[in-house]
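The structure appears below as structure tokens.
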Protein chains: 2
Amino acid sequence: MARVSQEHLDARRRQILDGAAVCFARNGFHATSMQDVLKEVDLSAGAVYRYFSGKEELIAAIVGEVLGSVREAFEDAARQSPPPPPDELVVPVLGRTLAARENLTVDGRPAFPRLVIQVWTETLRNEELAALLREGYASVRAIWSRIVEAYQDAGMMRPDVAPDHVARTMIAAVMGFLVQHSLFGPIPVEVLRDGLRALMSMSDERTASHGSQLG
Amino acid sequence: MARVSQEHLDARRRQILDGAAVCFARNGFHATSMQDVLKEVDLSAGAVYRYFSGKEELIAAIVGEVLGSVREAFEDAARQSPPPPPDELVVPVLGRTLAARENLTVDGRPAFPRLVIQVWTETLRNEELAALLREGYASVRAIWSRIVEAYQDAGMMRPDVAPDHVARTMIAAVMGFLVQHSLFGPIPVEVLRDGLRALMSMSDERTASHGSQLG
DNA sequence: GAGCTTAAAACGAACGATCCTTCTTTTTAG
DNA sequence: CTAAAAAGAAGGATCGTTCGTTTTAAGCTC
């Protein structure tokens, strides 16, 4: 094809990104060869290298997309008003995250959660990508801290804990759930929701004095 | 050296494992070349291949050790009697995990948490290692479920949530904390402890009827 | 609108580099 | 002196990438 429509070019680029994403989710970035990718997307080297300057750029593009999707999932969930309690806040975050790129699968399982872990390891060796991750993390952390402050202001939560610490704890729970999802297969989101709900039911008797006027 | 003492053989094996672990924590298993490992441990190929049949076996050995250490950390913490509440249970788990292989560092930072993430990705592509991970996870999950049952039996936690769900949630929190530690640098364990403590202080008003007789 | 033109798009063989591993040689400890 | 341990050059395979060739589709001509 020559002098092809912009839509075709975009579709090709996406085709390559999707095929590469599947390969990377299956085997990781560096155990996946370019030949693997070429076979998966059913294109020749010449075709792929027209759209991406090399493997590095392909990886960077995918990492960027994945980080963006996760960040959006966290930020969108936090946009709800009024902010739902933690156990319910976690549902839309994971819902959106697990639904991301649902069309891409690795032996019948969604590829995206696997991709997330792979992306984490890649940020460990690529400072540029690490900076991107840090930026998104900082943003999410700040937004979620606001929600925690709301909990405290409403007397729903003891006020003597730094909101940031609670935010990081909640983010950790979501991350860990995502890991379990990747490593052990699909888990209903309700597992985490109910788990948090149960934790929330534990009256803390050691320093019980906080705003909630007990009925 | 010829006809060398058993201790020397053991020390060599450990030297190789430690050097390789640092390399793998830095760059991942498959972006690390054998030459990288050889340079790190300051040995020749002939020496290393006397102790390990190849890269694959080296990876498997390290993955096994890492999974074992993490599993021990989780199980040991659960052995405390009486079982501490979640926020305090989490402290020894992370303490032991973060202290594992503390002598190994990647540019000044502990290598072990990074290694954990790398291990996860490796289990995604190696069914044998995946089985090992599943086994350890199942064991930890069962043991932690017991602790949750104790919470419920003592009236500290609402009894209408499956203990396994709570166990998985707590494990998720620890895993996620570990991820944050790897990706963003050292975090005091108190962050997670206080975060959980705050969550535990949230009286769940929707279905408040559970055993704890509010004083 | 059929056929030709042409430049873009895709192909795929092949290159140098690097990979993991082997194997011969050298060194070393008992 | 001897056999184990370590060395390190080199083999074969595979890697990412390039580049000359072929195919294709949009535009032009008649």
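So that the names make sense, note that chain A is the first sequence line, chain B the second, and so on, each numbered from 1.
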Given atom [atom1] of [X] and atom [atom2] of [N], what is their separation to the nearest angstrom?
{"X": "A:Leu43", "N": "C:dA8", "atom1": "CG", "atom2": "P", "result": "19 Å"}
{"X": "A:Arg12", "N": "D:dT23", "atom1": "CZ", "atom2": "P", "result": "17 Å"}
{"X": "A:Lys39", "N": "D:dG16", "atom1": "NZ", "atom2": "C1'", "result": "16 Å"}
{"X": "A:His30", "N": "C:dC20", "atom1": "NE2", "atom2": "P", "result": "13 Å"}
{"X": "A:Leu9", "N": "D:dT24", "atom1": "CG", "atom2": "P", "result": "17 Å"}
{"X": "B:Tyr51", "N": "C:dT21", "atom1": "OH", "atom2": "C1'", "result": "18 Å"}
{"X": "A:Gln6", "N": "D:dA25", "atom1": "CD", "atom2": "C1'", "result": "16 Å"}
{"X": "B:His8", "N": "D:dA5", "atom1": "NE2", "atom2": "P", "result": "9 Å"}

Distance, nearest 0.5 Å, that separates CG of B:Leu38 from SG of B:Cys23 | 9.0 Å
When we call it a touch if two heavy atoms are under 4.0 Å apart, what does B:Thr32 touch: a base, just sugar-phosphate, or nothing?
-> sugar-phosphate
Contact class for B:Gly54 (heavy atom, under 4.0 Å): base, sugar-phosphate, or nothing?
->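 Counting heavy atoms under 4.0 Å across all strands, the contact made by B:Gly54 is with sugar-phosphate only.
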Which nucleotide wins on minimum distance to the side chain of [X], given the candidates [options]?
{"X": "B:Lys55", "options": "D:dA9, C:dC11, C:dC20", "answer": "C:dC20"}
{"X": "B:Val4", "options": "C:dA29, C:dT21, C:dA10", "answer": "C:dA29"}
{"X": "B:Gln35", "options": "C:dA9, D:dA7, C:dT21", "answer": "C:dT21"}

Taking the six-membered ring for Trp, are A:Phe24 and A:Phe29 parallel (under 30°), tilted (30 to 60°) or perpendicular (over 60°)?
-> tilted
5' priority, DNA chain C, between B:Ala31 and B:Ser5 [closest heavy atom] =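 Taking each residue's closest nucleotide, the earlier one in sequence belongs to B:Ala31.
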Sidechain-backbone polar pair: A:Thr97 side chain, A:Val70 backbone, donor-acceptor under 3.5 Å | no
Determine: side-chain N/O of [X] to OP1/OP2 of [N], distance under 4.0 Å, yes or no.
{"X": "A:Tyr49", "N": "C:dC11", "answer": "no"}
{"X": "A:Arg50", "N": "C:dC11", "answer": "no"}
{"X": "A:Ser44", "N": "C:dA10", "answer": "no"}

Identify, with sequence neighbours excluded, every residue that meets ring pair (Phe, Tyr, Trp, His ring centres under 6.0 Å) alongside B:Tyr51.
-> none
Go through the structure and list residues passing side chain to side chain contact (heavy atoms under 4.5 Å, CB included) with B:Ser5, not counting sequence neighbours.
->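 B:Ser5 satisfies side chain to side chain contact (heavy atoms under 4.5 Å, CB included) with B:Glu7, B:His8 once adjacent residues are dropped.
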